[in-house]
Colleague: 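Okay, handing you the structure first.
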Amino acid sequence: MSNRTLILIIALILITVGLLWMALKNSPVPPPAKTVPTVMPVLPQTSILFGDLSAVLSTTSAKTYSLPIKISTVNNKVTVVQLEL
């Protein structure tokens, strides 16, 4: 075995040992992050109440019905209401 090959093998072994030492040495553990308490979100207090269904008299042959709807929003801002059958 030539001198160059022996020097190369020794150099690779030294580099490997150095890299393993750097990877396995005890480094200081960073302190744990401070925990921030989670705030529970305020749920909306909107309610929809349906009244009694009543028939409305009309002059056409089709029957027309009326259903009163009450929306209580407390402090919530409501811009649109959509009702579907």
Colleague: Got a second to check how far Ser66's OG is from Leu53's CG, nearest 0.5 Å?
Modeller: 8.0 Å
Colleague: If two hydrophobic side chains count as joined below 4.5 Å and joins carry through other members, does Ile9 share a cluster with Leu14?
Modeller: yes
Colleague: Do Val81 and Ile69 sit in one hydrophobic cluster, given that two such residues count as connected whenever their side-chain heavy atoms are within less than 4.5 Å of each other, even indirectly?
Modeller: yes
Colleague: Knowing that exactly one of Ile13, Leu19, Leu20 qualifies, which makes a side-chain contact (heavy atoms from CB on, under 4.5 Å) with Thr16?
Modeller: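 Testing Thr16 for a side-chain contact (heavy atoms from CB on, under 4.5 Å) against Ile13, Leu19, Leu20 leaves exactly one candidate, Leu20.
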Colleague: With rounding to the nearest 0.5 angstrom, report the CD1 to OG1 distance, Ile71 to Thr46.
Modeller: 8.5 Å
Colleague: For the CG atom of Asp52 and the CG atom of Leu67, what is their distance to the nearest 0.5 Å?
Modeller: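 Answer for the CG-CG pair, Asp52 versus Leu67, is 8.5 Å.
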Colleague: Going only through I, L, V, M, F, W and Y residues with side-chain contacts under 4.5 Å, is there a path from Phe50 to Val78?
Modeller: yes
Colleague: From the options Ile7, Leu8, Leu6, select the one residue that forms a side-chain contact (heavy atoms from CB on, under 4.5 Å) with Ile10.
Modeller: Leu6
